[in-house]
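For reference, the structure I am asking about is given below.
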Amino acid sequence: MNESIERAAEALRNAKRVAVLTGAGVSAESGVPTFRASDGLWEGHRIEDVATPTGFARDPELVWKFYNARRANVATVTPNPGHLALVKLEEHFGDRFTLVTQNVDGLHQQAGSRNVLEIHGSLRETRCLGCAKVEHRGLEVLEDRPVCPHCGGWLRPNIVWFHEMLPEKIWTDAQYAAGLCDVLLVVGTSAMVYPAASLIPIAKSTRDRGATIIECNLTPTAASREADIGLYGPSGETLPGLLDSLNPQSAIRNR
Ligand code: BV8
């Protein structure tokens with residue numbers, strides 16, 4: 001592992017621009033269930049029932065129960081050292097750093113990350129089916145059929161479900177960041193969901209030599225064949241180790 005961490009740190013030292021793609025695994029050590037592990041979120045819930053527009057149309061109360069349970073869970077957790085390491089990485093690269101997340105838990109922002117692209121939406125937001133107004137509602141548990149305080153229309157979670165388009169500007173910015181970066185860190189994702197996972201080949205294939213892909217995961221994934229360097233272990237350990245190697249003089253103390 002140390003040799004891989006040193007190679008990854010060297011790639012970062014030589015990078016002008018860095019992009020990161022995170023998935024549910026980066027929040028696992030905070031206590032947020034991932035999607036496809038044995039205890040994953042999809043357990044007991046079919047994707048079609050709780051994370052598609054048709055599922056919401058069929059049984060909106062079931063969907064709100066699912067999302068209220070996730071809001072209640074996220075209200076009890078805090079960022080872990082992996083989130084904090086990504087804050088340090090952003091401090092190191094400044095405005096040449098972009099964090100793209102598939103996560104809707106808001107833990108990157110809670111940790112202090114600033115340039116965060118939430119390509120799948122946010123648990124903290126609702127969107128009105130009547131007036132389309134998006135509101136920040138924090139993590140308060142909402143009613144099973146919440147209505148819009150402005151027009152009385154039904155509210156839905158402001159989350160990108162399957163078969164829905166990603167928010168255009170955010171997705172464009174994410175593709176731009178992947179296409180420009182010299183290093184793409186792929187952290188805690190099974191790389192099975194598209195178009196999010198397409199950021200990896202985008203980063204790999206642009207310009208002359210493409211970006212260096214560094215995968216941080218417990219195990220190899222669908223992304224591994226594109227990865228130049230693999231850091232396999234809990235991201236709450238591998239990411240701080242990578243930052244310590246990048247910045248030996250300011251090793252992260254909050255292990
Ligand atoms: C769309 C919101 C256009 C819900 C989510 C090709 C191109 C385009 C679309 C498709 C395509 N192929 C298929 C599709 C359709 C579909 C799709 O990708 N299906 C998959 C299942 C094959 N995509 C879509 O529908 C997208 N929309 O394409 O629009 C369109 C429009 C109309 C008609 C046709 C097309 C929308 C996708 C967005 C869906 N919404 N989230 C919610 O969050 O409530 S996706 C959901 O999965 C989450 O966002 C999650 O983040 C994401 C990805 O999962 P992961 O984050 O990777 O989580 P997972 O559990 O899978 O993996 C965790 C990883 O962490 C594991 O590898 C594990 O080893 C690791 N790990 C665990 N612990 C740790 C760790 N790593 C490090 N440290 C640890 N401690």
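Only this structure's heavy atoms are used, side chains among them; waters, hydrogens and symmetry mates stay out. Each ligand, and each atom within it, is numbered from 1 in the order the structure gives. Model, not experiment: these values are computed from the prediction.
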### Query
Has ligand 1 got any nitrogen or oxygen that is less than 3.5 angstrom from a nitrogen or oxygen of T221?
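N/O-N/O distance under 3.5 Å: no.
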### Query
E135 and T126: side-chain donor and acceptor closer than 3.5 Å?
no
### Task
Applying salt bridge (charged side-chain N to carboxylate O under 4.0 Å, His left out), run through D228 and K204 and close with a yes or a no.
CA-CA 10 Å; D228 301 287; K204 195 88 185 162; 2.8 Å; yes
### Message
Any nitrogen or oxygen of L166 lying under 3.5 Å from a nitrogen or oxygen in ligand 1? Just yes or no.
### Response
no
#### Entry: W161 N/O under 3.5 Å from ligand 1 N/O
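The answer is no, given that W161 and ligand 1 share no N or O pair closer than 3.5 Å.
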### Query
atom 64 (C) of ligand 1: which of C216, P53, G188, A28 has the nearest heavy atom?
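The nearest heavy atom belongs to G188.
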### Test salt bridge (charged side-chain N to carboxylate O under 4.0 Å, His left out) applied to R13 and E6, step by step
CA-CA 10 Å; R13 284 187 208 102; E6 187 37 49; 3.0 Å; yes
### Task
Heavy-atom distances under 4.0 Å are what count here, so tell me which part of I159 touches ligand 1: side chain, backbone, both or neither.
side chain
### Message
Taking the six-membered ring of W154 as reference, does the cationic atom of R145 (NZ for Lys, CZ for Arg) lie under 6.0 Å from its centre and within 45° of its axis?
### Response
yes
### Query
Just going by heavy-atom distances, which of Y232, Y194, F35 is nearest to atom 6 (C) of ligand 1?
Y194
### Query
For ligand 1, is there an N or O atom under 3.5 Å from any N or O atom of A24?
yes
### Query
So E10 and R7, salt bridge (charged side-chain N to carboxylate O under 4.0 Å, His left out) or not? Walk me through it.
CA-CA 5 Å; E10 187 59 18; R7 282 179 56 219; over 6 Å; no
### Summary
Counting heavy atoms under 4.0 Å, the part of Q102 that contacts ligand 1 is both
### N68 side, atom CG; N73 side, atom CG - distance, nearest 0.5 Å
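Between N68 CG and N73 CG, I get 12.5 Å after rounding to 0.5 Å.
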#### Entry: Part of S190 within contact of ligand 1 (heavy atoms, under 4.0 Å)
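S190 to ligand 1: contacts from backbone and side chain alike.
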#### Entry: Contact partition for E164 relative to ligand 1, non-hydrogen atoms under 4.0 Å
backbone
### Query
Does ligand 1 have an atom that lies less than 4.0 angstrom from a heavy atom of F66?
no
### Task
Taking the side chain as every heavy atom from C-beta outward, state whether T212 and N14 have any atom pair closer than 4.5 Å.
no
